[in-house]
Amino acid sequence: MAPTILLTGKNGQIGAELCRLLPTLGNLVSFGRHELDLSKPDSIRDAVRHLRPQLIVNAAAYTQVDQAEKEEPAAYAVNAEAPALLAEEAGKLGAVLVHYSTDYVFDGSKNSPYDEADSPNPLNAYGRTKLAGEQAIRASGVAHLIFRTSWVYSPRGRNFLLTILRLSTERDELRVVSDQRGAPTSSREIAAATLRVLASLAARGWQPDSFSAVAGTYHMTAAGETSWHQFAEAILEERSRVSSDVPWLAAATGNLPLLTRRVVPISTAEYPTPARRPAYSVLSNARLQQTFGFQLPHWRDQLHSIFLPS
Ligand SMILES: NC(=O)c1ccc[n+]([C@@H]2O[C@H](COP(=O)([O-])OP(=O)(O)OC[C@H]3O[C@@H](n4cnc5c(N)ncnc54)[C@H](OP(=O)(O)O)[C@@H]3O)[C@@H](O)[C@H]2O)c1
């Protein structure tokens with residue numbers, strides 16, 4: 001029988017893409033913040049107990065990295081306490097919990113890709129709250145998959161891609177940090193990879209027992225690595241190549257012409273932000289590859305794909 005799937009964060013970058021894909025797996029019931037506020041424990045309990053899903057996919061999170069420095073308790077409620085409660089409720093039902101986490105659980109002191117066994121040491125409040133969410137899920141004993149991803153962008157929401165496109169219509173020169181390295185990952189690819197993993201597990205049913213061999217934490221990011229500066233240059237390169245109509249791009253630029261002539265590399269010290277960020281947060285996807293037999297496309301190919309007419 002098709003599983004009932006409870007999805008949170010349906011209006012987010014990853015959640016919106018999951019909304020399109022998850023119905024192929026089961027009966028999807030998706031919630032935005034207004035239908036299910038993760039900062040309200042009772043609304044979480046009510047939703048899960050009422051729906052009795054076999055699968056819960058938690059794509060909601062407090063994702064404002066700088067703002068979290070000022071309101072860590074609010075971030076903690078959504079990123080740590082809510083996942084803990086979802087895990088507890090899922091455990092009681094014998095449901096599987098899928099959750100997303102971040103490269104910002106690491107401090108960036110490595111200079112080769114982080115794997116799942118590396119010790120986290122977040123530099124900022126957001127990373128601390130996300131790590132606490134991961135730990136609570138593991139401690140609950142629920143059958144779970146935690147996908148750590150990074151530098152997420154999409155044609156919707158708030159992200160670096162849309163910021164650069166907007167600024168490219170306003171400024172002759174952009175100054176972008178070149179000493180932080182990571183892997184920009186499209187929310188479409190994260191949703192597609194999530195579906196691929198879940199489809200391979202669907203064959204085994206949603207029973208926690210049959211799930212235990214593959215349960216755990218996986219890094220799920222684009223292949224390759226880059227800096228914010230190189231990513232910005234690549235965005236503008238794609239923008240200047242687009243010949244046909246791409247509706248989201250027209251909305252992002254307001255149909256205004258490209259003004260930016262130069263993208264100047266700057267250091268993190270020249271662009272101070274409230275939250276410290278890791279200088280290096282590339283994640284190894286070897287475990288995903290070994291367990292499920294695939295990896296996500298290279299970041300440059302992902303970026304190119306998003307500019308193709310859909
Ligand atoms: N964005 C990144 O660069 C990045 C990097 C690494 C990992 N991740 C992780 O990937 C996952 C998905 O992130 P995303 O990029 O898709 O984030 P996003 O676009 O910011 O979406 C998050 C969604 O969560 C919702 N939300 C926030 N507070 C809520 C609350 N109290 N109750 C219910 N819903 C609430 C938001 O609702 P509103 O639309 O109403 O605000 C939003 O739709 C998160 O776990 C995030 O930590 C993201």
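No hydrogens, no waters, no symmetry mates; every other heavy atom, side chains included, goes into these values. Since the structure is predicted, the reported quantities are computational estimates derived from the model, not experimental observations. We count ligands from 1, going down the list as the structure has it; atoms in each ligand are counted the same way.
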Inset, instruction - Just jot down the ring-ring contact (aromatic ring centres under 6.0 Å, His included) partners of Y280, sequence neighbours excluded, or say none. - result: none

Name the atoms and distances for all side-chain donor-acceptor pairs under 3.5 Å in residues 79-88, with sequence neighbours left out.
{"residue": "N79", "atom": "OD1", "partner": "Y62", "partner atom": "N", "Å": "2.8"}
{"residue": "N79", "atom": "ND2", "partner": "Y62", "partner atom": "O", "Å": "2.9"}
{"residue": "N79", "atom": "ND2", "partner": "T129", "partner atom": "OG1", "Å": "3.1"}

Legend entry - Test item: side-chain donor near acceptor, T63 and R158, under 3.5 Å: no

Legend entry - Pair D179-T268, side-chain donor/acceptor within less than 3.5 Å: yes

For ligand 1, run through the N/O pairs with the protein that fall under 3.5 Å and put one pair on each line.
{"residue": "ligand 1", "atom": "3 (O)", "partner": "V152", "partner atom": "N", "Å": "2.9"}
{"residue": "ligand 1", "atom": "15 (O)", "partner": "Q13", "partner atom": "NE2", "Å": "2.9"}
{"residue": "ligand 1", "atom": "16 (O)", "partner": "Q13", "partner atom": "N", "Å": "3.1"}
{"residue": "ligand 1", "atom": "16 (O)", "partner": "I14", "partner atom": "N", "Å": "2.9"}
{"residue": "ligand 1", "atom": "19 (O)", "partner": "Q13", "partner atom": "N", "Å": "2.9"}
{"residue": "ligand 1", "atom": "20 (O)", "partner": "T63", "partner atom": "OG1", "Å": "2.6"}
{"residue": "ligand 1", "atom": "24 (O)", "partner": "A61", "partner atom": "N", "Å": "3.2"}
{"residue": "ligand 1", "atom": "24 (O)", "partner": "A61", "partner atom": "O", "Å": "3.4"}
{"residue": "ligand 1", "atom": "31 (N)", "partner": "D37", "partner atom": "OD1", "Å": "2.9"}
{"residue": "ligand 1", "atom": "32 (N)", "partner": "L38", "partner atom": "N", "Å": "2.8"}
{"residue": "ligand 1", "atom": "40 (O)", "partner": "R33", "partner atom": "NE", "Å": "2.9"}
{"residue": "ligand 1", "atom": "41 (O)", "partner": "R33", "partner atom": "NH2", "Å": "2.9"}
{"residue": "ligand 1", "atom": "43 (O)", "partner": "G12", "partner atom": "N", "Å": "3.1"}
{"residue": "ligand 1", "atom": "45 (O)", "partner": "Y100", "partner atom": "O", "Å": "3.2"}
{"residue": "ligand 1", "atom": "45 (O)", "partner": "K130", "partner atom": "NZ", "Å": "2.7"}
{"residue": "ligand 1", "atom": "47 (O)", "partner": "Y126", "partner atom": "OH", "Å": "2.7"}
{"residue": "ligand 1", "atom": "47 (O)", "partner": "K130", "partner atom": "NZ", "Å": "3.0"}

Inset, instruction - Please step through ring pair (Phe, Tyr, Trp, His ring centres under 6.0 Å) for the pair W151 and Y104, ending with a clear verdict. - result: CA-CA 10 Å; W151 296 24; Y104 284 5; 8.0 Å; no

Distance-only donor-acceptor pairs under 3.5 Å for side chains of residues 291-298, two or more places apart:
{"residue": "T291", "atom": "OG1", "partner": "R287", "partner atom": "O", "Å": "2.8"}
{"residue": "H298", "atom": "ND1", "partner": "R300", "partner atom": "N", "Å": "3.1"}

